[in-house]
Enquirer: 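Quick one: this structure, given as structure tokens, is what I'll be asking you about.
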Amino acid sequence: MPMNVIEIENLRSRYNGIDVLEDITFNVSGGDYIGLVGPNGSGKTTLIKNILGIVRPAGGQIRLFGHKQSAFQEWFRVGYLPQRLSSLNPGFPSTVEEIVALGLIAKRRMPGYSSKAHHDAIDRALDLLNISDIRKKKIGELSGGQQQRVLIARAIINEPELIILDEPATALDPETREQFYAMLKHLNRQRNVTIILVTHDIGSIGQHANKLLLVDRRVVFYGSFDDFCSSTHMTDLFGTHSQHVICHRHEF
Ligand code: ADP
């Protein structure tokens, strides 16, 4: 039985006294690849911010790797890729390798961490994302797709066991998007990295993820794609067409 990487029980989240999430309960097992979907404003980003401790829950419990989230200290085990960058000032002074190295801050404080390990980790991340040749360029000079790759490199540089990505593919051209999804799949299938991917791309998420988490202020559905696709309750809720859009992976 894989251990639970995330356990959430009765989570409630609110802004200015108004509930945005309520009664959220679910577990994420090690090695899961979860597609998190829901309409605009349904609370997906808020859920992620609660998991990451950026927003404090108004109620309920979150545990990460078996630890209370409020006491969790091993953030190097978690990689986070936020929603797309708003456009950067072309003069923004950091280079690609400096931005990628920022991902290592949590690890630098660990005993035994060497400067060789530091440079090797940067080289590996740049290689994996195919951005070694632009490592000295300023981030603001790059295209949206290249900037996104830099942020992905920063998110994975610690070789995290859990990666959370918020709509990561929007700025990528179709070819880079495919490479990006292939890289995530590789991390998940070969290295057993647990992934939560917030996406609007419901037509292709079933080709990548093994579970679907559908949120609309509450958990509307959480389970395997097979269960979702055979659920008459979900057909009643979404109509045959929308359910089919999510389920058409079976034709591939
Ligand atoms: P999603 O990611 O599904 O689009 P969000 O989690 O961003 O949804 O937003 C959920 C609800 O919370 C929306 O109604 C949004 O307007 C509101 N909201 C999000 N962030 C804030 C904030 N910082 N302050 C007040 N309301 C917010």
Side-chain angles (χ1 to χ4, degrees), residues 5-28 32-64 69-70 72 75 78-88 144 147-148 151-152 154-155 160 162-172 177 180-181 184 194-225 228 231 233-234 237-239 241-243 245-247:
V5 170
I6 303 176
E7 293 161 274
I8 299 185
E9 218 181 306
N10 296 325
L11 173 71
R12 172 190 297 272
S13 190
R14 42 176 46 190
Y15 298 108
N16 311 320
I18 297 169
D19 283 353
V20 170
L21 293 173
E22 53 185 305
D23 205 16
I24 303 281
T25 298
F26 68 95
N27 291 340
V28 177
D32 270 348
Y33 186 156
I34 292 170
L36 171 51
V37 302
N40 273 335
S42 58
K44 303 180 294 296
T45 301
T46 303
L47 175 57
I48 281 174
K49 286 181 173 170
N50 274 276
I51 294 171
L52 295 167
I54 299 167
V55 167
R56 284 175 74 87
Q61 277 254 23
I62 302 177
R63 296 178 80 82
L64 293 174
Q69 191 260 20
S70 52
F72 186 66
W75 286 106
V78 183
Y80 171 51
L81 184 68
Q83 248 162 354
R84 56 169 302 172
L85 295 173
S86 44
S87 62
L88 275 172
Q147 288 179 354
Q148 195 72 335
L151 294 186
I152 296 164
R154 186 182 65 173
L162 165 66
I163 302 183
I164 300 179
L165 309 105
D166 199 345
E167 297 280 4
T170 41
L172 303 180
R177 185 182 308 146
F180 168 67
Y181 280 131
L184 283 184
T194 306
I195 295 177
I196 299 181
L197 175 69
V198 179
T199 183
H200 277 126
D201 195 0
I202 58 166
S204 66
I205 185 62
Q207 295 163 49
H208 310 288
N210 71 326
K211 283 189 185 160
L212 187 66
L213 173 58
L214 190 54
V215 167
D216 194 358
R217 224 160 73 104
R218 297 165 176 266
V219 175
V220 177
F221 177 86
Y222 181 50
S224 71
F225 282 86
F228 176 82
S231 161
H233 178 56
M234 289 298 126
L237 208 59
F238 288 95
H241 178 72
S242 298
Q243 192 183 27
V245 170
I246 296 179
C247 299

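Keep in mind that what you see is a predicted model, and the values were worked out from it rather than measured. One-based numbering, in listed order, for ligands and for the atoms of each.
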Enquirer: Near Lys44, which atoms of ligand 1 are under 4.0 Å from a heavy atom of that residue?
Expert: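 It comes down to these atoms of ligand 1: 1 (P), 2 (O), 3 (O), 4 (O), 6 (O), 8 (O).
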Enquirer: Would atom 16 (O) of ligand 1 count as contacted, meaning some protein heavy atom under 4.0 Å?
Expert: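 There is no protein heavy atom less than 4.0 Å from atom 16 (O) of ligand 1.
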Enquirer: What protein heavy atom lies closest to atom 11 (C) of ligand 1? Include the residue and the distance to one decimal.
Expert: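 It is Val20 CG1, 3.5 Å.
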Enquirer: Looking only at heavy atoms, what is the nearest atom pair of Arg217 and Asp19, with distance?
Expert: NH1-O, 3.4 Å
Enquirer: How far is atom 27 (C) of ligand 1 from its nearest protein heavy atom, and which residue and atom is that?
Expert: Tyr15 CD1, 3.2 Å
Enquirer: Which atoms form the tightest heavy-atom contact between Leu52 and Gln69, and what is the distance?
Expert: C-NE2, 3.6 Å
Enquirer: Starting from atom 8 (O) of ligand 1, find the nearest protein heavy-atom neighbour and note its residue, name and distance.
Expert: Gly43 N, 3.1 Å
Enquirer: Taking only heavy atoms of Pro39 into account, list the atoms of ligand 1 that are under 4.0 Å away from them.
Expert: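 The list of qualifying atoms is 3 (O).
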Enquirer: How long is the straight-line distance from OH of Tyr15 back to OG1 of Thr46, given to the nearest 0.5 Å?
Expert: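 So the OG1 of Thr46 and the OH of Tyr15 are separated by 3.0 Å.
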Enquirer: Against heavy atoms of Asn40, which atoms of ligand 1 measure under 4.0 Å?
Expert: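 Under 4.0 Å from Asn40, ligand 1 has these atoms: 4 (O).
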Enquirer: So is Ser42 close enough to ligand 1, meaning a heavy atom under 4.0 angstrom away?
Expert: yes
Enquirer: Checking side-chain contact (heavy atoms from CB on, under 4.5 Å) between Ile8 and each of Leu47, Leu21, Asn27, which is the one that passes?
Expert: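 Among the candidates, only Leu47 passes.
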Enquirer: For ligand 1, which is the ligand I care about here, please tell me if Gly41 has any N or O atom under 3.5 Å from one of the ligand's N or O atoms.
Expert: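 Looking only at distances, the answer is yes, because the N/O contact criterion of under 3.5 Å is met.
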Enquirer: Which heavy atom of Lys44 sits nearest to which heavy atom of Gly38, and what is that distance?
Expert: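 Reported closest heavy-atom pair: NZ-O, 2.9 Å.
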Enquirer: What pair of heavy atoms forms the shortest contact from Leu64 to Ile51, and how long is it?
Expert: CD1-O, 3.6 Å
Enquirer: Any N or O of Thr45 that comes nearer than 3.5 Å to an N or O of ligand 1?
Expert: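 Yes: some nitrogen or oxygen of Thr45 is under 3.5 Å from one in ligand 1.
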Enquirer: Which atoms form the tightest heavy-atom contact between Ala155 and Pro160, and what is the distance?
Expert: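 That closest heavy-atom pairing would be O-CG, 3.5 Å.
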Enquirer: Taking the inter-plane angle between the rings of Tyr181 and His208 on a 0 to 90° scale, is it parallel (under 30°), tilted (30 to 60°) or perpendicular (over 60°)?
Expert: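 Because their plane-to-plane angle is under 30°, the rings of Tyr181 and His208 count as parallel.
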Enquirer: May I ask you to check if ligand 1 and Thr46 share an N or O to N or O distance below 3.5 Å?
Expert: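 Thr46 vs ligand 1: N/O contact under 3.5 Å present.
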